[in-house]
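No hydrogens, no waters, no symmetry mates; every other heavy atom, side chains included, goes into these values.
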Amino acid sequence: MLIATNGRGHAVKRPSKPAVGTMLGNLQRGNEFLILERQDEEREGDWYIQVWLRDNNTYRLEYRDGGPAEQYQTLTVSQEKVLRALLGWMLDKPDWREGFMWNSISQMFAASSGEEGDSSLLGAQAARGPFRGRLHPVEAMRCGVDIRGLPAKW
């Protein structure tokens with residue numbers, strides 16, 4: 001099942017393309033992020049794409065394909081490109097990543113000891129699933145932390 005969640009904690013199960021477009025268009029201060037997450041009991045790992053509207057009106061787009069070793073990010077000023085990526089990901093289109101320069105952020109979750117996660121509190125908590133600490137969602141996303149499941153109000 002696909003779930004879309006915004007920065008205010010509003011979640012939509014099985015969102016339509018217009019619903020995702022509206023949620024993206026409504027990003028603003030106090031509602032800076034949108035997460036699309038695939039929840040499938042038959043599929044192990046974390047599968048999501050998330051976008052954060054930054055203070056300088058650029059978008060940080062991240063996705064995870066299964067686990068911390070497959071997490072990537074990019075930046076853009078184009079809301080249209082972000083929407084195309086979100087909808088392409090949502091519809092499993094093979095070319096949804098095109099038009100961006102993706103950077104791996106897996107090292108933020110890699111452990112020096114060889115275990116999953118890193119030695120930092122943020123990395124360790126992120127590697128075990130949705131971060132539930134006391135960090136604001138926007139700050140968490142700046143650190144490359146999986147922000148799914150965070151409380152809407154801080």
Side-chain angles (χ1 to χ4, degrees), residues 1-110 116-117 122-123 125-132 135-152:
M1 173 178 24
L2 189 69
I3 300 173
T5 307
N6 70 13
R8 292 191 178 123
H10 175 71
V12 177
K13 292 180 180 179
R14 297 177 186 88
S16 64
K17 291 188 286 186
V20 171
T22 298
M23 291 175 84
L24 177 62
N26 287 336
L27 294 184
Q28 60 184 315
R29 184 174 230 103
N31 182 34
E32 296 100 340
F33 65 88
L34 169 63
I35 306 163
L36 293 178
E37 177 182 14
R38 280 200 179 90
Q39 294 184 348
D40 185 348
E41 293 177 15
E42 297 175 13
R43 197 178 203 186
E44 285 191 37
D46 297 319
W47 305 88
Y48 62 85
I49 188 168
Q50 57 192 16
V51 61
W52 165 41
L53 177 62
R54 298 163 26 129
D55 290 339
N56 63 0
N57 290 321
T58 61
Y59 295 90
R60 177 168 161 183
L61 192 59
E62 290 184 10
Y63 73 93
R64 180 178 279 195
D65 276 345
E70 296 297 324
Q71 186 149 344
Y72 302 88
Q73 73 175 9
T74 191
L75 297 173
T76 184
V77 296
S78 173
Q79 186 182 70
E80 181 180 326
K81 285 177 69 174
V82 170
L83 180 59
R84 194 174 20 218
L86 292 173
L87 296 179
W89 183 89
M90 183 174 102
L91 300 171
D92 279 329
K93 291 190 174 183
D95 62 349
W96 70 266
R97 292 176 193 88
E98 291 180 12
F100 297 99
M101 190 161 151
W102 293 97
N103 299 300
S104 174
I105 57 171
S106 303
Q107 72 280 4
M108 293 182 184
F109 305 99
E116 186 176 337
L122 293 178
Q125 289 183 9
R128 286 194 299 269
F131 180 72
R132 299 187 187 279
L135 190 64
H136 188 278
V138 172
E139 291 301 320
M141 199 166 175
R142 284 182 186 145
C143 297
V145 173
D146 176 1
I147 59 177
R148 296 168 303 131
L150 290 173

(request) Please indicate whether Met1 has more than 12 foreign heavy atoms, meaning atoms of other residues, nucleotides or ligands, lying under 6.0 Å from its CE. (result) yes

(message) What's the separation between atom NZ in Lys13 and atom CD in Gln39, rounded to the nearest 0.5 Å?
(response) 8.5 Å

(request) Indicate the atoms forming the closest heavy-atom contact of Asn6 with Arg8, along with that distance. (result) OD1-N, 2.9 Å

(request) Just do the side chain to side chain contact (heavy atoms under 4.5 Å, CB included) check on Phe100 and Glu98 with the steps written out, would you? (result) CA-CA 6 Å; Phe100 297 99; Glu98 291 180 12; over 6 Å; no

With a 3.5 Å cut-off and sequence neighbours excluded, list the donor-acceptor pairs that the side chains of residues 14-21 form with protein atoms.
residue, atom, partner, partner atom, Å
Ser16, OG, Ala19, N, 3.1

(message) What I'd like to find out is whether the side chain of Arg54 reaches to under 4.5 Å of the side chain of Leu75, using heavy atoms alone.
(response) yes

(request) List the steps, then state whether side chain to side chain contact (heavy atoms under 4.5 Å, CB included) holds for Leu61 with Leu86. (result) CA-CA 9 Å; Leu61 192 59; Leu86 292 173; 4.2 Å; yes

(request) First locate atom OG1 of Thr74, then atom CZ of Arg97, and finally report the distance between them rounded to the nearest 0.5 Å. (result) 12.5 Å

(request) Supply the atom-to-atom distance Ile105 CD1 to Gln71 CD, rounded to the nearest 0.5 angstrom. (result) 4.0 Å

(request) Would you check if Glu37 and Thr5 make a side-chain contact, meaning some heavy-atom pair closer than 4.5 Å? (result) no

(request) Decide, yes or no, whether a salt bridge links Asp65 with Arg38 under the criterion of side-chain N to carboxylate O below 4.0 Å. (result) no

(message) Quick one, Leu34 and Gln50 - any side-chain contact, counting heavy atoms below 4.5 Å?
(response) no

(message) Let me confirm one number: the CG-CH2 distance from Leu91 to Trp89, rounded to the nearest 0.5 Å.
(response) 10.5 Å

(message) Could you measure the distance from the CG atom of Leu53 to the CZ atom of Arg29? Nearest 0.5 Å is fine.
(response) 10.0 Å

(message) If I compare all heavy atoms of Lys93 with all of Trp96, which pair ends up nearest, and what's the gap?
(response) O-CD1, 2.9 Å

(message) How close do Leu27 and Tyr59 get, counting heavy atoms only, and between which atoms?
(response) CD1-CE2, 4.4 Å

(message) Nearest 0.5 angstrom please: Ile3 CD1 to Leu36 CG, how far?
(response) 10.5 Å

(request) Indicate whether any N or O donor in one side chain lies under 3.5 Å from an N or O acceptor in the other, for Thr76 and Ser78. (result) no

(request) Please check if atom CD in Glu80 has more than 12 non-hydrogen atoms from other residues, nucleotides or ligands closer than 6.0 Å. (result) no

(message) Just checking Trp102 against Tyr63, ring centres under 6.0 Å apart?
(response) yes

(message) I'd like to know if Glu62 and Arg64 make a salt bridge, using a cut-off of under 4.0 Å between side-chain N and carboxylate O.
(response) no

(request) Answer yes or no: is there an ion pair linking Arg84 with Asp95, defined by an N-O contact shorter than 4.0 Å? (result) no

(request) Could you check Met23 against Val12 for side chain to side chain contact (heavy atoms under 4.5 Å, CB included), going step by step and ending with a plain yes or no? (result) CA-CA 10 Å; Met23 291 175 84; Val12 177; 4.1 Å; yes

